[in-house]
Structures are given as C-alpha cells and as structure tokens.
Amino acid sequence: MTLMLKNYARDQWFEAGSGLSDIISAVDGSVVARTGTDGLDFAAMLHHARDVGSANLRKMTIHERANMVKGLAGAIMERKEELYALSTATGATRGDSWIDIEGGAGTLFTMSSKARRELPDDVILTDGDFEPIGRKGTFIGQHVYTSLQGAAVHINAFNFPVWGMLEKLGPTLIGGVAAIVKPATQGAQLAEACVRIMIESGLLPEGALQLIVGNVGDLFDHLTCQDVVSFTGSAATAAKLKNHPVVMRESVRFVAEQDSLNASILGPDSGPGTEEFDLFVKEVAREMTTKAGQKCTAIRRTLVPAAFLDDVQEAIKARLAKVVVGDPAAEGVTMGALASLRQLHDVRDKAREIATEAQLVFGDIDTVEPLGAEAAKGAFISPLLFRLDDPWSAKVVHDVEAFGPVSTLMPYKDVEDAIALANRGMGSLALSVFTYDPAIARRFILGAAAFHGRIVLIDRDCARESTGHGSPLPMLIHGGPGRAGGGEEMGGVRGIKHYMQRSALQGSPRTLSAIVNKWLPGAPQPSGAVHPFRMTFGELEIGYTLFTAPRTITLEDIEHFAHFTGDTFYAHMDEEAAAANPFFPGRVAHGYLILSFAAGLFVDPAPGPVLANYGLENLRFLKPAPAGTAIKVALTVKSKAMRKPGEYGEVKWAVTVTDQDGEVVATYDLLTMNAV
Ligand code: NAP
C-alpha cells in the first residue's frame, strides 16, 4: 500500500494535490509513499510558529516544557511498533531502527531530565555568576538567556528520520521555540508517523510543531533574526542555505551538522594480542556495517601503526566476511540496504573515486548477493574495505565521504603522524583512539581535539560500558569544526541555549535580583518575625533573611572541638606554629567549627517544613577567627527550585558569617529540601 504523506501546517494536516514525488522502498523498489508540499503557505507557517507556537511555549516554564517533552517520549515509546513497521522499507535492520526510534525517544527523556535537574523552573536562565562593576556594589552585571521569539526550522538528513528529528526537537521545545520540521524526503514516512504520534498525544500547545514533507518552497525568504535554522546533511546543501541572502541579511542563527571524514586510531602500544587491538577491529567492522555505514560519525579512515597494518587488515576482513547483507526483515541479515538507489549510486561513485588512490581489499563495489531480496531492485552494497599504503600522497580519502559501509585502512609512522592524518579531515565529528597508555591518549587530545567535536578513548577498562565510536549522546555535544559544519547540538542543557538569546544585563542588585528570581549580593534582605525554617517552600520569598545574634568563639570551644573531632591541626592548637604561618595571627577556630556554630545560630530546631540539609556549595573561609571573635550569621533565601511538585523543593540559602567588625569570615550556599 502506498502512503500519502501529509504536512502538518497551522495545526491542520494538509495533503498536497500536485507536485508529488515518490518515496521508494530501499529493499524492493516499490513505491512506499507519495509526498509533496504544493499549496503550503510557508510564510504563514512561520508566522504561526512565531505568533502562536512560540508564544504558547513561552507561557510555560522550562520544567513544564521539559515535562511535556518527557510525555512526548513516552507517547513515542508506547506506539514504537508503528514506527518499526515503517522502518524496514528504509533499509534499516531492527538494530538500526532501535538506534533511530528508541534512541530518539531516549534522547528526549535525557534532555527532559537534565533540564529539570539543572535548570530553574523559570523562563529566564542566568549564565554564570553576577559581575561586580561599581565599587560600592550598587551597579552589577549578570548574563541571562531568554527564549528567541521566532521559529526553529529543522532540516534533517535521511539516515535517522526519527532520532535526527528528536535530537533537535527536544532542546528546541524546552528552549521555548516552536519548530517547523523538514525531514529528508527519503524516509519521511517515518518522521511523519512520529510527528503524528506527538500531535495525537495532545501534549503540545497549538503551533508548537509543524511538518513539511517535501521541498521548502519560499520558506527561507521569510526568515527573521529571531529564527534558527538547524541543518543536518551535506556540506553542499549547507553552503547553499547558509548563503541564502535572507539568512545573511538577518543574521539568522544557523547550526550546521554536515559531512565528516571521521578517523579511528589504533594506538602504537596496542599491537596484536592486546585487548585494545581486538576492540579496535570489532569497532571498525561494527561502525562500517551499522545502518549500512550511513552514520555521520562512522569510521571512514582507519589509522594503524605501519607494523600492524597487515594484522589489522586480516582481522577486519575476517569480521566483514561474517556480515550478511539483505532484506532487513529476513532472518539472519546483519546489514540492510542503503536508504535509496540514489544513495547506492552515490556510494558506488565515491567508492570508485577512492579506488583511484587505494586498493580494495574487501568487498565488491558493483555486486552483492542480498539474502531475501533481489539485488537489482534494492539499494544493496557489500562492505568495502580499502587499503592505502601512502596516505600522504592521497587526497580523495581525506576529502570524499562515501556515505555507506566504506572505510580506508592506512598506516601511520608515529603519534604525530597519526594526529596529522586525522586532522586532514579538516574538522570531524568523532575520533576514536584505542590505547591503554594515558600519556599517548593525552598527546592525541593535545594534537587532535581542536579538529574534532568528540573524542572517544577506548581501552580494556571502559570497553564493556563504552557506547562506542559512533554514538552521539544527548548529554555530550554532537558537532564538529570545519568540514563537519561548525555546529554543536545536544550537549545536555547547552543544546537548549541554541534556541535562546544571551544578553548582558546591567543594573542595581535589587532590579536584577527581581528579574532573575535569585537573590544577588546588594539586593534587599527583608526580615520578619517568622523564622524562615517555619515557612514552607511556597511561603519563602527570595531575599527573606534571618539575622542572628552573635556568638563569641572561646579558646575552650576550639580545644573542645579539636579533641571531640580529632582535628588537632597545629593552626588550631599550637600558638607559635600558627603564628609562623602567613595566613594566621596565631591559633584560630576550625573552619568546620565556624560552620557548626553558624548552624547553631540559624537553625530553628522544632520539626517543620525543612526536611533535610543536603549540602553546601561555594564555601569560602575569608578571614581567620581567633578566640574572642564574635560571629553572627545572615541566612538569605537565594533561589528556589521545585523538585517534586506537591511534595518538596530545593531552597538555596546564601549564608554570610561576619565578625564583630562586620567583616566577612565565611560565605557559602546552603541547600535544603523544604516541604511545599
Ligand atoms: P542533503 O542532500 O544535503 O539533504 C539534507 C537535507 O536538506 C534533506 O532534508 C534535504 O531535503 C534538504 N535539502 C536539500 N536541498 C535543500 C534546499 N535547497 N532547501 C532546503 N532543504 C534542502 O544531504 P543528504 O545527501 O540527504 O545527506 C547525506 C549527508 O548528510 C552526508 O554527507 C552526511 O555526512 C550528512 N550527515 C551529517 C550528519 C551530522 O550529524 N553531521 C548526520 C547525517 C548525515 P530532501 O531530502 O527533500 O532533498
């Protein structure tokens, strides 16, 4: 049955009546779906995203948006089999589809949970600490992020129709920006089905998500400075879109993930017989064949110490010989088809280019016998391993990305040579190094990190838990410099900030505190008759302060504390030795004694809304406190974050301990969990 794909524009499903193109099965050449965008009003879609979708999302807090994204992931997991059913025709095996579908949902889950744990339940984010500017502290600076007020246009590659969409969508929605998603036409049936699941979940506010299945018409003509384009695909398309006159004129933010000639390096210490050697061989073969090598991060260049080249070649060949190419639905098939016949021609052309420099040592560019399918009808190709003995004389292998199960084996002379060869990719997404020698690993980082977005160091200690060379993870950045596009996606909450604007604020502590919902030094510290420990999470106001009575530290206190805890360090016990130390006037109180006394001063002991003290942050002892010092404490509500709605939230308290002269002895942030 041929599916008719629909666009989702301005909260309506829309089927184009003309200008349709066919989506062909990668396995048997049948028409799987028809799609087109004739009749879509692209300018109106952008307006809808900005004026309705993004406006709705900005009414929600970051935690509300993150919870929504978690709900979307749950909805996809509930209906995942619908997606698996569509995935086979893209040439993907069940394992490949797992990366795409469940990997995609997993990315949403992780993004959601990181946002709720690491970002405030607010709509403004602070970036770093406040900056003191005026001498008297009445004029300060603070960097903040607020959501862009435009639309996010996502243009995705064909290889992971679900994951490729969701890894961009999670951060975008949490960032408060509505998305217009344009999947690659090949595989769009999967993206369309996934969008349908998300829309039908009823979790998204109006306008938050739209879908274009086909060409984007005049969309780019209507972009503004508030919009973001996130692109994954070829360098040629990226260059075309980046140089669109409107993108240039409006300085439209453009995040690009494009071609990459990733390398994997066997360390000079990792010869045959070592665990790292076996791990390397396994990983190269796996990366070549997973998703038939159509991974932006796959290993295209395999760099090996010259002395081990023959051994590596034989070992990889032995593994590749076990690969069964065929219909991904057929029993026993371990590698499916490329995504389309167009891809097949492209990979064959590029393999022939590589063959002008390198020798093909495994596979056949033109023939393969797929299991359970007809070779002539599907986009099948065998794994192709090339060998190039003089990598410095070559150009094509460092420049041409054959987006399929293709890798070239090359020798290197020493670590510096390997680094220089890896860097000839001129900017890559991923590099892996297999070594058990941390000193060698560090040399690779110093030499190659500047050219790579992510570097995986694999050895016997981490191999079992390693996620491998080619898997981008939601908590780590995905992207790379130069040829790889210069973009950065995901990376935990970093990815969310691509959809927000950073602004530097300057003003009084009172004003800036109120804006960022966080007490900043110099802002008012109102106090009242009620002890803050008697107030619930909801009742505590930012800035509310308890000023305690003083307590004088005596020599007996210091002695008692020393013997009680066992901390008889000379600075507390030996007057002469302490005085000889440049930091102390003589014996001084323990820092921990000061903390303990501070708690004794500010705590209100009866059971109440404070459930637990779970830590201190940013602790500094600024002035020594010899016996006779009278300390007192200001305990100020600095910020609040709901942790379990209806139950408890985290309160961060700014604690300042001062002496009888008003000078600061210690400062820290105290964290408590408070009942709502
Ligand atoms: P492509 O031709 O550049 O297509 C990528 C996307 O751009 C598709 O959605 C395509 O839509 C769209 N597109 C093409 N021309 C456009 C235009 N004029 N205006 C708006 N959109 C346009 O790339 P591909 O050949 O499909 O993908 C393979 C490449 O992607 C490889 O080179 C690979 O390295 C790269 N890739 C990179 C990453 C990464 O994360 N860095 C991941 C995967 C793939 P249509 O399909 O409708 O043409």
Side-chain angles (χ1 to χ4, degrees), residues 5 7 16 19-24 33 35-37 42 90 99-100 107 153-165 167-168 180-192 211-221 223 229-244 246-247 254-262 291-300 338-340 342-347 349-350 399-404 406 425 427-430 452-454 470-473 477-490 495:
L5 300 191
N7 302 277
L20 298 178
S21 48
D22 293 341
I23 299 177
I24 308 289
T35 185
T37 62
F42 295 101
T90 67
I99 300 173
D100 191 30
T107 297
V153 174
H154 294 170
I155 300 193
N156 297 326
F158 64 81
N159 54 343
F160 289 107
V162 178
W163 178 87
M165 171 169 67
E167 58 112 8
K168 293 187 175 91
I180 300 178
V181 175
K182 183 247 175 298
T185 300
Q186 195 63 39
Q189 67 274 24
L190 263 174
E192 193 236 36
L211 173 72
I212 296 173
V213 276
N215 75 67
V216 297
D218 64 354
L219 185 84
F220 274 63
D221 295 342
L223 294 174
V229 176
S230 298
F231 171 85
T232 302
S234 63
T237 311
K240 196 191 299 174
L241 298 179
K242 252 188 238 175
N243 291 312
H244 189 286
V246 175
V247 172
F254 198 101
V255 183
E257 302 293 338
Q258 54 196 48
D259 311 352
S260 182
L261 286 153
N262 315 293
K291 188 71 190 179
Q294 300 166 106
K295 271 167 59 177
C296 52
T297 47
I299 299 168
R300 307 289 173 209
L338 295 172
S340 64
R342 199 189 108 199
Q343 273 310 114
L344 177 65
H345 296 312
D346 186 67
V347 172
D349 287 348
K350 299 218 166 115
D399 276 346
V400 172
E401 183 192 31
F403 206 60
V406 184
S428 305
L429 296 168
H452 295 85
R454 183 168 59 83
S471 305
L473 298 176
I477 56 165
H478 172 54
R483 186 201 301 272
E488 220 179 59
E489 291 177 335
M490 303 194 293

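Residues take their numbers from the sequence shown, with the count starting at 1. In each ligand, atom 1 is the first atom listed, and ligand 1 is the first ligand listed. Below, each value reflects all heavy atoms present in this structure, side chains not excepted, and no hydrogens, waters or symmetry copies.
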Roughly how far, to the nearest 0.5 Å, is [atom2] of [Y] from [atom1] of [X]?
{"X": "Asp221", "Y": "His244", "atom1": "CG", "atom2": "NE2", "result": "4.5 Å"}
{"X": "Gln343", "Y": "Phe158", "atom1": "CD", "atom2": "CZ", "result": "3.5 Å"}
{"X": "Glu488", "Y": "Ser230", "atom1": "CD", "atom2": "OG", "result": "12.5 Å"}

Looking at Phe403, I'd like to know if the NZ or CZ of Lys350 sits under 6.0 Å from its six-membered ring centre while staying within 45 degrees of the ring's axis. no

For [X], is at least one N or O under 3.5 Å away from an N or O on ligand 1?
{"X": "Thr232", "answer": "no"}
{"X": "Asp259", "answer": "yes"}
{"X": "Glu401", "answer": "yes"}
{"X": "Gly233", "answer": "yes"}

At a 4.0 Å threshold, what atoms of ligand 1 neighbour a non-hydrogen atom of [X]?
{"X": "Val216", "result": "19 (N), 20 (C)"}
{"X": "Pro183", "result": "9 (O)"}
{"X": "Ala184", "result": "8 (C), 9 (O), 46 (O)"}
{"X": "Ala157", "result": "43 (C), 44 (C)"}
{"X": "Leu241", "result": "17 (C), 19 (N), 20 (C)"}
{"X": "Leu429", "result": "39 (C), 41 (N)"}

Glu489 near ligand 1, heavy-atom distance under 4.0 Å? no

Min heavy-atom dist Phe231 to ligand 1 below 4.0 Å: yes

Could you check [atom] against the protein and tell me its nearest heavy-atom contact, residue, atom and distance included?
{"atom": "atom 43 (C) of ligand 1", "answer": "Asn159 ND2, 3.2 Å"}
{"atom": "atom 28 (C) of ligand 1", "answer": "Phe158 CE2, 3.6 Å"}
{"atom": "atom 15 (N) of ligand 1", "answer": "Thr237 CG2, 3.3 Å"}
{"atom": "atom 38 (C) of ligand 1", "answer": "Cys296 CB, 2.9 Å"}
{"atom": "atom 12 (C) of ligand 1", "answer": "Ile155 CG2, 3.6 Å"}
{"atom": "atom 33 (C) of ligand 1", "answer": "Phe403 CE1, 3.3 Å"}

Nearest non-hydrogen contact to atom 45 (P) of ligand 1 from the set Arg342, Lys182, His154 belongs to Lys182

Looking at atom 48 (O) of ligand 1, is any protein heavy atom nearer than 4.0 Å to it? no

Using a 3.5 Å distance criterion without hydrogens, assess whether the side chain of [X] forms a donor-acceptor pair with backbone atoms of [Y].
{"X": "Thr297", "Y": "Ser471", "value": "no"}
{"X": "Asn262", "Y": "Ala298", "value": "yes"}
{"X": "Asp100", "Y": "Trp163", "value": "yes"}
{"X": "Gln294", "Y": "Ala339", "value": "yes"}
{"X": "Asp259", "Y": "Arg483", "value": "no"}
{"X": "Lys182", "Y": "Gly214", "value": "yes"}

Which atom pair, heavy atoms only, marks the closest approach of Pro161 to Ala191? O-CB, 3.9 Å

Tell me which part of [X] gets within contact of ligand 1: side chain, backbone, both or neither, using heavy atoms under 4.0 Å.
{"X": "Thr185", "answer": "both"}
{"X": "Asn156", "answer": "backbone"}
{"X": "Asn215", "answer": "neither"}
{"X": "Gln258", "answer": "backbone"}

Are side-chain N/O atoms of Asn159 and Lys291 paired as donor and acceptor at under 3.5 Å? no

For the residue pair Lys168 / Thr232, report whether a side-chain donor-acceptor contact shorter than 3.5 Å exists. yes

Starting from the C-alpha separation in whole Å, work towards a yes-or-no answer on side chain to side chain contact (heavy atoms under 4.5 Å, CB included) for Thr35 and Thr185. CA-CA 8 Å; Thr35 185; Thr185 300; 3.9 Å; yes

